[in-house]
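Some notes on the structure that comes next.
Protein chains get the first letters and strands the later ones, always in sequence-line order, with residue 1 at the start of each.
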Amino acid sequence: MGKDKQEFVAHITPREEDFSRWYTDIILKTDLVDYSPVRGSMVIKPYGYGIWENIQEELDGRFKATGHKNAYFPLFIPESLLQKEADHVEGFAPEVAWVTHGGNEKLTERLVVRPTSETIICAMYAKWVQSYRDLPILYNQWCNVVRWEKTTRPFLRTLEFLWQEGHTVHATEEEAQEETMKMLEVYREFAENVLAIPVVTGKKTEKEKFAGAVSTYTIEALMQDGQALQAGTSHNLGQHFAKVFDIEYLDRDGQQKYVWQTSWGVTTRLIGAVIMVHGDERGLVLPPKVAPVQVVMVPIAIHKDGVLEKANEVFDELKAAGFRVELDDRDTQSVGWKFNEWEMKGVPLRLEIGPKDIEKNQVVLVRRDNHKKSFVPMDRLADTVATLLDEVHSGLYEKALAMREAHTHIAHNMDEFKDALENKKGFVKALWCGDRECEDSIKDQTGASARCMPLDEEPWEGNCICCQEKAQHMIYFARAY
RNA sequence: CGGGGUGUAGCGCAGCUUGGCAGCGCGUCUCGUUCGGGACGAGAAGGUCGCAGGUUCAAAUCCUGUCACCCCGACCA
């Protein structure tokens with residue numbers, strides 16, 4: 001190694017010093033995004049968009065496998081449609097962007113730029129649903145949405161962001177609830193098996209649920225600074241929208257009935273979660289399944305006879321085996337420079353190949369997560385790469401899980417609650433009576449919001465941490481993004 | 001939306017107190033030597049000093065306004 005570790009990363013702010021700056025340094029220096037001329041809006045550059053494309057591919061496959069189809073609904077929603085569902089308008093009105101003019105002419109009815117598409121989709125569903133034979137409808141769309149936020153941060157909160165929104169229609173309440181939970185489970189499995197992020201699955205409180213939903217379920221992840229991040233939500237909409245949009249069907253029994261609906265979504269915010277869960281002092285650490293480059297090849301002594309030729313052979317072989325591989329054959333940067341650059345960019349595996357390796361018919365593979373080096377015979381390369389990528393994934397997941405467990409505390413009273421939040425950071429589990437007043441009070445006193453009521457919880461008994469009345473729920477609290 | 005901070009070359013910064021030729025490091029380009037953890041030499045290009053007003057013979061520097069970004073809080077994916 002020779003040189004001081006510090007030297008490699010002198011230009012990234014250390015995490016302990018300032019987590020926010022560390023985050024900003026990384027996203028800019030690794031070319032994930034750039035700030036745009038529009039306040040609060042970002043450009044997602046190819047390296048960042050590549051992560052999103054992989055997320056899309058993984059999720060889209062899961063949606064299709066569970067019977068969903070993609071469609072596309074319009075960006076513009078007439079004001080009158082948004083107004084229909086009272087809670088929904090109230091929730092979104094403060095942050096919608098309005099279109100008031102077409103060209104030079106004032107519109108007779110203002111349009112909102114979708115902050116979410118429930119209303120326009122429901123307006124269409126009302127036309128499409130006639131009979132129980134039309135159900136269920138299982139549609140999803142990939143699109144952008146706009147929410148006029150006051151405070152913005154790349155990936156975590158921007159005026160415009162990319163997401164997927166599923167909107168389903170069912171004949172029965174049970175079926176809608178089943179769908180809600182099914183998609184929550186898709187998100188959980190995806191977060192853990194693709195992003196290597198352990199999540200707490202649970203139900204939102206009335207205060208925190210989606211505007212217009214009967215109930216909202218969530219996957220909550222814990223970032224390295226101890227703050228929670230809502231990583232995906234699945235809503236049981238009940239019949240709220242069906243009733244205001246008149247989505248009715250004629251059932252087998254000859255009765256007109258209102259449908260039952262769900263919606264669910266995840267956003268480009270997931271990329272922020274990946275950064276804040278896995279990143280380290282050297283920069284990004286990307287989970288292999290979404291990394292735009294899974295293996296970066298750095299040829300050594302590139303000018304020497306045969307090196308580049310052999311490197312290209314290996315490149316072709318790995319490419320053919322289905323890996324996302326990149327050969328860094330620039331002769332303008334030194335080898336050491338490339339090592340540091342690609343580590344900062346979070347590439348899971350580095351492959352070194354030089355004259356000595358070629359002589360021994362081997363390559364050198366180095367893991368991004370623990371920097372372990374292995375010498376691998378050429379003829380076992382593809383299998384070894386696959387194995388190592390799996391190991392990186394598991395390593396990241398285990399590390400993230402250990403981090404979360406070390407930062408999940410139980411509080412039996414407000415003092416313990418405050419102590420855990422201030423001094424230990426992370427999730428604080430506590431009992432709650434179910435009253436909004438106590439939830440508000442806890443947030444006022446501590447800054448922590450109710451993240452969710454976990455789905456899998458050991459039996460418990462006790463009193464509300466705030467008012468001492470008999471508790472109704474176990475809650476995960478945390479400061480959150 | 002409140003409190004604090006920062007805007008000068010692609011990036012990081014100095015210059016501002018006390019107005020007087022716009023600088024430094026890195027990067028970029030050319031040529032050569034190098035290559036197993038951020039190489040070296042020589043030469044070159046690159047700036048409406050965030051933007052708009054004002055004061056002045058003269059403004060990066062002083063004054064007013066405005067915008068953007070960052071940090072800390074209240075609202076949200």
Side-chain angles (χ1 to χ4, degrees), chain A residues 1-13 17-25 28-29 34-42 91-96 115-116 145-165 187 204 207-211 216 218-221 228-235 264-273 282 298-304 307-308 329-344 350-358 363-364 366 371 373 375 443-444 447 449 479-481:
Chain A
M1 195 154 292
K3 291 198 176 179
D4 190 357
K5 256 190 185 177
Q6 290 293 326
E7 213 167 303
F8 296 132
V9 289
H11 50 320
I12 295 177
T13 306
E17 185 184 313
D18 186 337
F19 194 79
S20 293
R21 274 191 61 185
W22 169 83
Y23 179 82
T24 310
D25 283 351
L28 293 176
K29 284 175 176 158
D34 200 0
Y35 292 104
S36 79
V38 181
R39 178 197 74 86
S41 303
M42 63 177 175
F92 284 101
E95 55 187 37
V96 297
T116 179
V145 288
V146 169
R147 297 183 188 176
W148 214 260
E149 300 285 350
K150 288 166 184 161
T151 316
T152 58
R153 300 202 60 200
F155 292 122
L156 303 175
R157 174 156 296 107
T158 46
L159 297 195
E160 177 187 0
F161 56 92
L162 305 182
W163 78 347
Q164 112 338 268
E165 48 179 328
Y187 289 154
K204 287 287 187 185
K207 174 186 162 86
E208 301 284 341
K209 78 179 185 189
F210 176 73
T216 291
T218 179
I219 54 172
E220 297 281 327
L229 185 85
Q230 179 176 307
T233 47
S234 183
H235 315 291
W264 27 272
V266 299
T267 78
T268 35
R269 175 182 255 198
L270 286 174
I271 297 171
R282 295 193 186 184
V298 180
I300 313 294
I302 201 168
H303 63 293
K304 291 201 176 148
V307 171
L308 206 49
D329 59 1
R330 291 176 290 180
D331 59 1
T332 48
Q333 315 301 115
S334 73
V335 167
W337 192 94
K338 290 178 184 176
F339 287 179
N340 288 292
E341 167 88 353
W342 289 110
E343 275 177 5
M344 185 173 74
R350 176 175 79 235
L351 187 156
E352 301 170 22
I353 180 165
K356 290 185 220 162
D357 301 310
I358 294 170
V363 300
V364 180
V366 185
H371 308 110
K373 191 181 269 201
F375 300 84
K443 181 149 193 197
D444 285 348
S449 55
R479 296 212 173 110
Y481 277 97

[X] has an atom [atom1]; how far is it from atom [atom2] of [N], in whole Å?
X: A:Ile300; N: B:G37; atom1: CD1; atom2: P; result: 8 Å
X: A:Leu28; N: B:G27; atom1: CG; atom2: C1'; result: 17 Å
X: A:Asp331; N: B:U34; atom1: CG; atom2: P; result: 14 Å
X: A:Lys338; N: B:C35; atom1: NZ; atom2: C1'; result: 9 Å
X: A:Arg350; N: B:G37; atom1: CZ; atom2: C1'; result: 7 Å
X: A:Asn340; N: B:G36; atom1: CG; atom2: P; result: 13 Å
X: A:Asp34; N: B:A68; atom1: CG; atom2: C1'; result: 13 Å

For this session: Would you please indicate yes or no on a ring centroid separation below 6.0 angstrom for A:Tyr481 and A:Tyr23?
Result: no
Problem set entry | Within 45° cone of A:Phe161 ring axis and under 6.0 Å: A:Arg147 NZ or CZ |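 The answer is no; the distance or angle limit is not met.
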Exercise. Using the P atom in both, what is the distance from B:G7 to B:U34, to the nearest Å?
Worked result: 44 Å
Exercise. What is the nucleic acid contact for A:Pro355, judged by heavy atoms within less than 4.0 Å: base, sugar-phosphate only, or nothing?
Worked result: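 Since a base atom lies under 4.0 Å of A:Pro355, the category is base.
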For this session: Check whether more than 12 heavy atoms from other residues, nucleotides or ligands sit under 6.0 Å from atom NZ of A:Lys150, and answer yes or no.
Result: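 It does not: A:Lys150 NZ has 12 such atoms or fewer within range.
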Problem set entry | Out of B:G36, B:A39, B:U28, whichever nucleotide has its closest atom nearest the side chain of A:Gln333 |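 Given the options B:G36, B:A39, B:U28, the side chain of A:Gln333 is closest to B:U28.
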For this session: Report yes or no: is there a donor-acceptor pair, N or O only, under 3.5 Å between the side chain of A:Glu343 and the base of B:G37?
Result: yes
Seminar exercise, completed: Paired with A:Thr233, the side chain to side chain contact (heavy atoms under 4.5 Å, CB included) test is passed by just one of A:Val266, A:Thr218, A:Ile219, A:Thr267, namely A:Thr218
Between the protein and nucleotides 69-74 of chain B, list the N/O to N/O atom pairs that are separated by less than 3.5 angstrom.
{"from": "B:C69", "atom 1": "OP1", "to": "A:Gly40", "atom 2": "N", "distance (Å)": "2.8"}
{"from": "B:C69", "atom 1": "O3'", "to": "A:Tyr35", "atom 2": "OH", "distance (Å)": "3.4"}
{"from": "B:C70", "atom 1": "OP1", "to": "A:Tyr35", "atom 2": "OH", "distance (Å)": "2.5"}
{"from": "B:C71", "atom 1": "OP1", "to": "A:Ser20", "atom 2": "OG", "distance (Å)": "3.4"}
{"from": "B:C71", "atom 1": "OP1", "to": "A:Arg153", "atom 2": "NH2", "distance (Å)": "3.2"}
{"from": "B:A74", "atom 1": "N6", "to": "A:Thr151", "atom 2": "OG1", "distance (Å)": "3.1"}

